[in-house]
Each structure stands twice: as C-alpha cells, then as structure tokens.
Participant: 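Handing you this structure, nothing more for now.
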Protein chains: 2
Amino acid sequence: MQDTNPLPPVRTAVVLFTIQQTLKLLLVRGDLWHLPTAALGENEGLESCAKRALAEATGVEGVFLEQLYTFNDPDGAPRVIVSYYALVPYDRVNVRPGSGEWIDSAALPLVAHGQRPIVACACERLAAKLEYAPIAYQFLADQFTLGELQSVYEIIGRQPLDKRNFRRRVRASQCLLETRDTRRGGSHRPAKLYRLRDARPSI
Amino acid sequence: MQDTNPLPPVRTAVVLFTIQQTLKLLLVRGDLWHLPTAALGENEGLESCAKRALAEATGVEGVFLEQLYTFNDPDGAPRVIVSYYALVPYDRVNVRPGSGEWIDSAALPLVAHGQRPIVACACERLAAKLEYAPIAYQFLADQFTLGELQSVYEIIGRQPLDKRNFRRRVRASQCLLETRDTRRGGSHRPAKLYRLRDARPSI
DNA sequence: ACAAAAGTGTTCCTGTTACACCCATGT
DNA sequence: ACATGGGTGTAACAGGAACACTTTTGT
C-alpha cells in the first residue's frame with residue numbers, strides 16, 4: 001500500500017568529513033553514491049534522526065553534528081531534507097566495506113539526485129567555519145601535535161601556513177593544554193602532544 | 001476529515017525585522033503572539049512557502065529571505081519548522097492592524113509554543129551577520145544618509161560608533177555610491193544621500 | 001653524517017582605535 | 001544667536017605577515 005506509507009516528508013542527510021591526506025567525505029554506494037540519510041520518525045528529534053542515519057550507515061556514534069541547511073526534495077513534493085555535517089578523526093570510523101567509503105572531496109563521483117548541493121554547502125561551511133571556530137580539533141585524536149593541527153588547516157584552507165605564526169596564533173587562542181607526553185614519529189625530534197583545554201565538543 | 005488533512009509535516013516561519021527607533025519584529029496576534037507561518041504545499045519550494053507566509057500575514061512582497069534554521073515541532077510528531085528571516089525598511093510595510101504588529105525585540109511578549117527559540121536564533125544571527133555582510137542596507141530605503149546607516153549598526157550592535165571611523169570603513173568597503181541628492185531633515189546641514197553600488201539583494 | 005620534522009623571535013606593515021573641531025541649516 | 005546633526009584628518013596602537021636557524025631523533 002503505497003498510500004499508507006508514502007515517501008516520508010522529512011529526512012535528514014549527513015555529510016561526514018574526515019582528513020586522510022586530503023579532505024574526504026563518506027558516501028554510501030547505491031544506484032548512485034549518496035549521503036547517509038534517515039526518515040524522521042515519531043518522537044524523534046532532527047538531530048537524533050541524523051545521528052541514526054550516521055550510525056546505521058557507518059557505526060559511528062558520539063559525534064558532534066551541526067545542522068547545515070534544509071533543502072527542498074528535488075521533485076515537487078512537499079518534502080525536505082535537513083542536512084547536517086560532522087567531523088571525525090580518520091581512525092575513529094570503521095567503514096564497513098559494503099556500506100560506505102571515504103571519497104576525496106576534490107574528486108567526487110556522480111552523486112544522487114539533489115545531493116550535490118548538500119555536499120557543496122557542507123564543504124563551503126566547513127572551510128568558512130574553520131576560520132572562526134575551534135573545530136579543527138574534531139579531526140584529531142584526543143592528543144595531537146601542533147604539526148598535525150597545522151596540516152588540518154592547510155588541507156582545508158588549501159594553502160601552506162607559516163609554522164611560527166600558526167603556533168603563535170594557536171597559543172594565543174588558549175584552547176590548548178600542553179601535555180607531558182611526546183610522540184615520536186620518524187627520524188626527527190619527537191613532538192609535544194597537546195589536548196583541547198575544555199572537553200571536546202564531540203559526544 | 002481530520003485524517004486526510006492532518007497537521008502538515010513541513011511548515012515555514014518568518015521572522016521579519018525592521019528598525020524604527022529600535023529593532024522590531026513582526027508578530028501576529030492569535031491565542032498567543034506568533035510568527036507568520038505557512039504549510040509547505042505541493043510543488044512549492046521552501047523559500048516560496050516562506051514568502052507566502054509573509055505575504056499572507058503582512059502583504060509584504062519582494063523581500064530577500066534567508067534561511068535560518070530548522071526546528072523540531074515542539075510536540076513529538078515528525079514535523080519541522082523551517083525558519084527564515086528578512087529585513088525591511090519600516091515604511092515599506094503596511095501592517096494591517098488585525099494581522100500583524102511590530103514588536104520591540106527587547107521586550108517580547110509571550111510567544112507561541114516553540115517559537116521563542118526561533119526568534120532568539122534570528123536575533124543572534126542578525127547581529128552576527130551584520131558584522132561581516134552588507135545587510136544593513138536592507139533596513140533602509142533606496143537612498144539613505146550615512147547617519148541613517150550608522151544608526152542601523154548602532155541599534156543592532158547596541159553600542160555607539162565613532163562617526164569618522166564608521167565613515168572611513170564604509171568608504172573602504174566600496175559598497176556605496178554617492179548621489180547628487182541631499183536630504184534636509186531638520187535644523188542642520190543637509191546630508192548627502194548614498195545608494196548601494198550593486199543592485200540591492202532584495203527582490 | 002645526514003635527512004626530516006620540531007621548535008623558537010624579531011621586524012615590518014597594515015588596519016583599527018581614539019579623539020575635536022568647523023559647516024550648513026531651521027527656528 | 002543658538003541648537004542640531006553633517007562632515008572631515010591625524011597620531012598611537014595592536015594584530016598579522018614575512019622571514020632563518022637550531023634541536024632532536026632515526027637510519
């Protein structure tokens with residue numbers, strides 16, 4: 001019975017970003033590639049719905065989601081897609097091979113009808129927000145080096161940054177706590193590890 | 001027949017701002033005060049729906065709307081309210097006495113269930129966006145004086161600004177064209193009138 | 001010894017702030 | 001004549017950009 005179970009009028013879609021050499025986002029393979037989505041259920045808020053979409057597609061939980069924009073569903077029906085985006089460290093997600101894959105944001109495949117603008121909107125917002133909000137940390141593990149942090153900015157901003165100016169700026173922001181630990185990662189001096197001062201916005 | 005016409009799952013709400021001594025927004029008197037809303041119809045985009053909400057409540061047309069945020073409907077049902085905001089010059093709107101009224105944003109009455117956060121969100125966004133986007137002009141007529149423009153900033157930012165610095169900043173932004181006209185408005189020197197360089201974003 | 005990333009200060013320049021007086025008009 | 005808002009420049013300051021070398025490790 002199509003009539004009693006029509007396409008649901010409100011769905012959420014999630015653009016999940018990570019950084020692994022480059023900025024990547026998670027797409028699910030179907031007829032075409034598409035974003036994880038879910039239909040808004042009874043007694044469910046939009047944000048939980050988006051979290052569910054993400055969990056069902058990837059198993060990722062405890063991520064900080066931010067609402068992006070609400071789009072018309074591409075056909076004329078009175079339906080909408082409420083989009084969210086989220087940032088995760090690469091190694092925090094176990095992508096189940098059948099379900100989702102990390103795709104380089106600079107080389108996107110053909111994506112389901114109407115979802116291209118969602119992805120574009122998410123990329124723009126991410127780059128814009130990085131400039132004024134401390135969100136880069138969400139790409140990193142609990143402890144991280146300043147070099148790692150700097151590459152996040154360089155990858156998303158698509159330009160190299162001056163190391164000394166970058167470090168000064170970060171120090172001035174007072175977001176970071178220096179830990180006692182260091183990380184040795186190759187044939188060079190070990191790097192101090194830092195963590196975010198106030199508990200991370202994730203979870 | 002309630003069942004064939006249940007509460008629609010997607011509605012839009014519009015927060016219409018103006019400036020008249022203070023920052024005001026348009027509310028409609030019902031059981032409680034509420035924002036203009038409309039249900040998303042067949043073959044109708046979200047933005048047209050919001051424009052319709054506004055037109056039905058106030059007769060205002062040709063306004064530039066920007067999407068704000070999408071809220072859960074306050075009961076548990078899978079419905080959402082997609083909110084928009086817009087800015088208009090005070091004298092451009094003829095509020096029909098029965099339908100809507102301009103309410104000082106600093107002294108809001110009790111507002112319909114679930115709409116308080118929408119209004120709060122709109123006020124925040126307006127103040128934030130004023131800092132980095134040329135939207136103050138939307139409160140003003142086609143031609144305006146620098147004094148008028150400055151009061152818009154002062155009213156929304158809630159602090160007085162230095163006249164010379166303000167004018168320098170505006171000049172540097174190159175958004176304005178000086179006209180030949182002046183406006184004489186009281187017992188003082190007449191003010192030069194300016195207009196926005198590129199056609200205003202409204203309409 | 002060498003390669004590779006970590007770490008560290010100073011100078012210059014640009015943009016922002018603070019500030020006081022004359023001008024044109026209406027009453 | 002006086003009250004009112006319109007109009008103008010300069011000096012101090014702060015924040016951002018450019019820039020090179022030493023340190024510690026692995027091989």
Side-chain angles (χ1 to χ4, degrees), chain A residues 19-22 127-128 130-134 136-137 139-141 143-195, chain B residues 19-22 90 127-128 130-134 136-137 139-195:
Chain A
I19 285 191
Q20 163 68 324
Q21 321 303 343
T22 80
L130 195 71
E131 299 294 316
Y132 66 90
Y137 309 97
F139 283 118
L140 300 173
Q143 300 199 129
F144 50 86
T145 70
L146 294 185
E148 290 167 341
L149 185 60
Q150 184 172 343
S151 5
V152 170
Y153 280 86
E154 290 177 328
I155 288 170
I156 299 177
R158 289 205 199 92
Q159 54 182 334
L161 299 174
D162 179 85
K163 208 201 305 191
R164 282 169 293 187
N165 292 338
F166 179 79
R167 289 161 115 90
R168 184 186 9 262
R169 204 148 34 92
V170 166
R171 241 177 278 132
S173 80
Q174 304 206 318
C175 287
L176 295 197
L177 282 178
E178 192 173 330
T179 69
R180 292 231 175 134
D181 304 334
T182 58
R183 171 179 303 162
R184 48 189 57 212
S187 43
H188 53 79
R189 179 171 171 175
K192 283 188 199 139
L193 287 171
Y194 293 78
R195 57 185 344 135
Chain B
I19 286 192
Q20 163 67 322
Q21 320 304 341
T22 80
Y90 179 70
L130 195 71
E131 300 293 316
Y132 66 90
Y137 309 97
F139 284 118
L140 300 173
D142 206 51
Q143 299 199 130
F144 49 87
T145 71
L146 293 184
E148 290 168 340
L149 185 60
Q150 183 172 344
S151 2
V152 171
Y153 279 87
E154 289 177 330
I155 288 170
I156 299 177
R158 287 205 199 93
Q159 53 181 333
L161 299 175
D162 179 84
K163 208 200 307 190
R164 284 170 292 187
N165 292 338
F166 179 79
R167 289 161 114 90
R168 185 185 8 261
R169 204 148 35 92
V170 167
R171 242 177 277 131
S173 80
Q174 305 207 316
C175 288
L176 296 197
L177 282 177
E178 193 174 328
T179 69
R180 292 234 173 129
D181 304 336
T182 60
R183 170 179 304 163
R184 47 190 55 210
S187 43
H188 52 79
R189 177 171 172 174
K192 282 188 200 141
L193 287 171
Y194 293 78
R195 58 187 341 139

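Please read these numbers as outputs of a predicted model, since none were measured by experiment. Protein chains get the first letters and strands the later ones, always in sequence-line order, with residue 1 at the start of each.
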Participant: Want to settle it: does Arg189(A) or Arg189(B) sit nearer the 5' end of DNA chain D, counting the closest nucleotide to each?
Facilitator: Arg189(B)

Participant: Rounded to whole Å, please give me the gap between NE2 in His188(A) and C1' in dT25(D).
Facilitator: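 So the two atoms are 8 Å apart, to the nearest Å.
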
Participant: Closest nucleotide of DNA chain D for Pro190(A) versus for Arg168(A): which of these residues is on the 5' side?
Facilitator: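 Counting from the 5' end, the first nearest nucleotide belongs to Arg168(A).
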
Participant: Once you apply a heavy-atom cut-off of 4.0 Å, does Arg164(B) come out as touching a base, just sugar-phosphate, or nothing?
Facilitator: base

Participant: Distance check, rounded to the nearest 0.5 Å: Ile155(A) atom CD1 versus Leu130(A) atom CG?
Facilitator: 11.0 Å

Participant: Nearest-Å distance, CD (Gln174(B)) to P (dG15(C))?
Facilitator: 13 Å

Participant: To the nearest 0.5 angstrom, please state how far the NZ atom of Lys192(A) sits from the CD atom of Glu178(A).
Facilitator: 4.0 Å

Participant: Calculate the interatomic distance between Arg169(B) atom CZ and dA18(C) atom P; express it in whole Å.
Facilitator: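 It is 12 Å, rounded to the nearest whole Å.
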
Participant: Which whole-number value in Å describes the distance from Phe166(B) CZ to dG5(D) C1'?
Facilitator: 15 Å

Participant: Take atom CG of Asn165(B) and atom C1' of dT8(D), then tell me their distance rounded to the nearest Å.
Facilitator: 12 Å

Participant: Nearest 0.5 angstrom please: Arg171(A) CZ to Leu146(A) CG, how far?
Facilitator: 8.0 Å

Participant: Quickly work out the Leu149(B) CG to dG5(D) P distance and round it to whole Å.
Facilitator: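 For the pair Leu149(B) CG and dG5(D) P, the rounded distance is 18 Å.
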
Participant: In whole angstroms, how far is the P atom of dT10(D) from the CZ atom of Arg167(B)?
Facilitator: 17 Å

Participant: dA3(C) P sits how many Å from Arg184(A) CZ, rounded?
Facilitator: 22 Å

Participant: Looking at dG7(D), does its base get a donor-acceptor pair with the side chain of Lys192(B) below 3.5 Å?
Facilitator: no

Participant: Establish, yes or no, whether a centroid distance under 6.0 Å links the rings of Phe139(B) and Phe144(B).
Facilitator: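 Centroid distance Phe139(B)-Phe144(B): not below 6.0 Å, so no.
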
